[in-house]
A.B. asks: 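Shown below is the structure under consideration.
Predicted, not measured: the structure shown is a model, and the values here were computed from it. Any value given below was found using the heavy atoms of this structure, including those in side chains, with hydrogens, waters and symmetry copies removed.
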Amino acid sequence: MVDWTAVLIVTGLCVVMPIVVTGIVFRSKEHEINRKTDVLLKAVENGQEIDPALFTGSGNGKTLKMKLLNKLTWGMVLFVIGVGMLVGGPFADDPKGFVITGGIMTAVGAGLLAAFFVGRKWMRPEIKAEENAFMSEGKDSEKEI
């Protein structure tokens, strides 16, 4: 006999949810592009100068330091949860599932932590240059005031 509740849950999590998330992401990006287009049209209509930085497509605006800190955060969270699942696995109803899931989460967390430490070492000059650029922008804006 087929357990239809389990089939519906698995179908919802594995099929419907990724489609909905993808649709929401694409809709938000489209909305952002439409807003930029509206601003550019207004600027062109009013004869104002257009900032070339608007066209650079600088991504989500996160700095290198913020990206590295994001890796550190997620690495720590996944590693701690994975270790917790490995420790609590033998006491669960399905110890094999807990150990496998905990091992995967621990490995992904350790990989993100390694990526943070290696990235911090290799990207030190870029991070320093980015910080200097922010500092110089701050000084320029203070002079204008």
Side-chain angles (χ1 to χ4, degrees), residues 1-138 140-141:
M1 195 78 178
V2 177
D3 184 17
W4 288 104
T5 306
V7 170
L8 288 174
I9 291 173
V10 170
T11 304
L13 288 176
C14 296
V15 176
V16 176
M17 192 175 71
I19 291 171
V20 169
V21 169
T22 305
I24 290 171
V25 168
F26 281 134
R27 185 177 296 165
S28 69
K29 286 185 181 183
E30 182 182 10
H31 181 68
E32 180 181 343
I33 291 170
N34 288 341
R35 283 191 325 206
K36 282 184 181 180
T37 305
D38 291 342
V39 169
L40 284 173
L41 286 174
K42 295 279 186 191
V44 170
E45 287 174 0
N46 293 333
Q48 296 177 349
E49 288 188 28
I50 298 172
D51 184 19
L54 190 62
F55 297 107
T56 59
S58 59
N60 56 4
K62 287 187 178 179
T63 63
L64 290 172
K65 198 172 196 177
M66 291 300 293
K67 289 179 184 177
L68 283 175
L69 287 175
N70 195 20
K71 285 183 184 178
L72 175 67
T73 303
W74 280 107
M76 289 172 52
V77 167
L78 289 174
F79 188 80
V80 168
I81 291 174
V83 168
M85 289 180 79
L86 288 173
V87 169
F91 305 109
D93 292 335
D94 181 22
K96 187 176 179 182
F98 258 74
V99 170
I100 291 172
T101 306
I104 291 170
M105 291 179 79
T106 303
V108 171
L112 286 171
L113 289 173
F116 166 74
F117 288 111
V118 171
R120 185 179 67 169
K121 182 178 178 182
W122 281 0
M123 300 179 111
R124 187 168 287 143
E126 288 90 353
I127 292 172
K128 200 66 161 170
E130 206 172 60
E131 287 176 353
N132 290 339
F134 282 133
M135 295 299 283
S136 66
E137 283 179 15
D140 291 342
S141 65

A.B. asks: Hey, could you give me the OG1/CD distance between Thr37 and Glu30, rounded to the nearest 0.5 Å?
C.D. replies: 10.0 Å
A.B. asks: What residues form a salt bridge (Lys or Arg N to Asp or Glu O under 4.0 Å) with Lys128, not counting sequence neighbours?
C.D. replies: none
A.B. asks: Which atom names give the shortest non-hydrogen contact between Val7 and Thr11, and what distance separates them?
C.D. replies: O-OG1, 2.7 Å
A.B. asks: Cut-off 3.5 Å, no hydrogens considered: what does the side-chain donor-acceptor table look like for residues 72-79, sequence neighbours left out?
C.D. replies:
unit_1: Thr73; atom_1: OG1; unit_2: Leu69; atom_2: O; d: 2.9
unit_1: Trp74; atom_1: NE1; unit_2: Asn70; atom_2: OD1; d: 3.3

A.B. asks: Taking side-chain contact (heavy atoms from CB on, under 4.5 Å) as the criterion, tell me which of Thr22, Val15, Val21 meets it with Ile19.
C.D. replies: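 Only one option passes, and that is Val15.
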A.B. asks: Which side-chain N or O atoms in residues 95-113 pair as donor and acceptor under 3.5 Å with protein atoms at least two apart or in another chain?
C.D. replies:
unit_1: Thr101; atom_1: OG1; unit_2: Gly97; atom_2: O; d: 2.8
unit_1: Thr106; atom_1: OG1; unit_2: Gly82; atom_2: O; d: 3.4
unit_1: Thr106; atom_1: OG1; unit_2: Val83; atom_2: N; d: 3.3
unit_1: Thr106; atom_1: OG1; unit_2: Gly102; atom_2: O; d: 2.7

A.B. asks: Quick one: CG on Leu68 to CZ on Arg124, what's the gap to the nearest 0.5 Å?
C.D. replies: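 If I round to the nearest 0.5 Å, the distance is 11.0 Å.
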A.B. asks: If you take all heavy atoms of Pro18 and Cys14, which pair is closest and at what distance?
C.D. replies: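 Taking every non-hydrogen atom into account, CG-O, 3.6 Å.
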